[in-house]
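A quick write-up on the structure given underneath.
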Number of protein chains: 2
Amino acid sequence: MNTKPKTIAIDGIDKKILRVLTEDARTPILEIARNVGISGAAIHQRLKKLEKSKLLSGSKFVINPKVLGYSTMAFVGVYLDKAANTDDVVKALRRFPEVLECHFTTGNYNLFIKLLSIDNEHLMHLLNKNIQSIEGVLRTESLISLDQQIDRQILV
Amino acid sequence: MNTKPKTIAIDGIDKKILRVLTEDARTPILEIARNVGISGAAIHQRLKKLEKSKLLSGSKFVINPKVLGYSTMAFVGVYLDKAANTDDVVKALRRFPEVLECHFTTGNYNLFIKLLSIDNEHLMHLLNKNIQSIEGVLRTESLISLDQQIDRQILV
DNA sequence: ATTGAAAGTGATATACT
DNA sequence: AGTATATCACTTTCAAT
């Protein structure tokens, strides 16, 4: 099975389109067209090409967790016991909406997760009650983010 | 200074709007209107309310790093020497587009970053040449993500 | 690849309930 | 908060280059 993605030729106009749309996904195509100086139909076709190549994999409105009261972000290394079924652990983690990312990683941890909590008390509850009680989880190690200085996508 | 965000009342219709738009930021308002059974103007007004409350903080097209050849994601803990100017280190890190996130963290590390690389060789170069040579950086500890199983936003 | 035009659809403001 | 309506803007397709 060939899982290697198609390489795709991206020129300066594609880059402009991508940079505008990664900043604001609802920017009208015609506005981009006026800015780069080619027709709306051309931008439209380029967008289709970029979507077909999978370089653009969709668009999302961004929710600000702070407004929902989530003020604490943490990274948690998870140790599993040897007999643990990793897929089941991930499935269990997925049930907690606070878990935003979950990675299989090299190194000491089996899993590495990024999560949000309301406050430190909520974080403690998530770790000690929710996550620790998942079958197969031995222990966790946490790193609390006091402030996030960089948050972005890869540049094109 | 009051930095606490305004609390905002969110009902079922708002949730539907948010869930649709966090999946696809370009979903037409009128399509959402047809689905929830109220007028487009009403959805439009609710959207304005959600944006004004900062619960919605924008929208982004999502770039698939794999298509650009970035196959490795890593988390890196950074130790700084006591005299280091943290802001300058962050500024230096920002110059490397591969650095997607940078956090001040509790615990042993001073900074914790998430980054993308083309392959392991590129990662080594980023760590040993680029990041290690930033003034104030003592050493780094890395965790490589072999596979990301969960990647999502907080649910409303 | 890009264009211009045409047809369909969506966004937005306003006045009213 | 919601609707109805009107106007303007945007999207999408297509034949032509």
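Proteins come first, then strands; the chains are lettered A, B, ... in the order of their sequence lines, and each starts at number 1. Basis for what follows: all heavy atoms, side chains included, without hydrogens, waters or symmetry-related copies.
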Side chain of [X] (C-beta onward), nearest among [options]:
X     : options                : result
B/R34 : D/dT11, C/dG10, C/dG4  : C/dG10
B/A42 : D/dG2, C/dA13, C/dT3   : D/dG2
A/Q45 : D/dT11, C/dT2, C/dG4   : C/dT2
A/A41 : C/dA11, D/dT13, D/dT11 : D/dT13
A/H44 : D/dT12, C/dA11, C/dT3  : D/dT12
B/R46 : D/dT12, D/dA1, C/dA13  : D/dA1
A/I38 : C/dT2, D/dT11, D/dT3   : C/dT2

Quiz prompt | Joint hydrophobic cluster, B/M73 plus A/V76, side-chain heavy atoms closer than 4.5 Å | solution = no
Rounded off to whole Å, could you give me the [atom1]-to-[atom2] distance for the [X] and [N] pair?
X     : N      : atom1 : atom2 : value
B/E51 : C/dT12 : CD    : C1'   : 13 Å
A/D24 : C/dA11 : CG    : P     : 13 Å
B/D11 : D/dA1  : CG    : P     : 8 Å
B/I43 : D/dA4  : CD1   : C1'   : 16 Å
A/I29 : C/dT9  : CD1   : P     : 17 Å
B/I17 : D/dG2  : CD1   : C1'   : 13 Å
A/L47 : C/dA1  : CG    : P     : 15 Å
A/L30 : C/dA11 : CG    : C1'   : 13 Å

Quiz item: Side chains of B/T86 and B/N110: donor-acceptor distance under 3.5 Å anywhere?
Solution: no
Self-check item: Residue closer to the 5' end of DNA chain C, A/I13 versus B/T27 (nearest nucleotide)
Solution: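 Final value for this comparison: A/I13.
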Self-check item: Short side-chain N/O contact to C/dG10 OP1/OP2 from B/R26, under 4.0 Å
Solution: no
Does [X] come within less than 4.0 Å of [Y], counting only side-chain N to carboxylate O?
X      : Y      : result
A/E101 : B/K114 : yes
B/D14  : B/R19  : no
B/E141 : B/R139 : yes

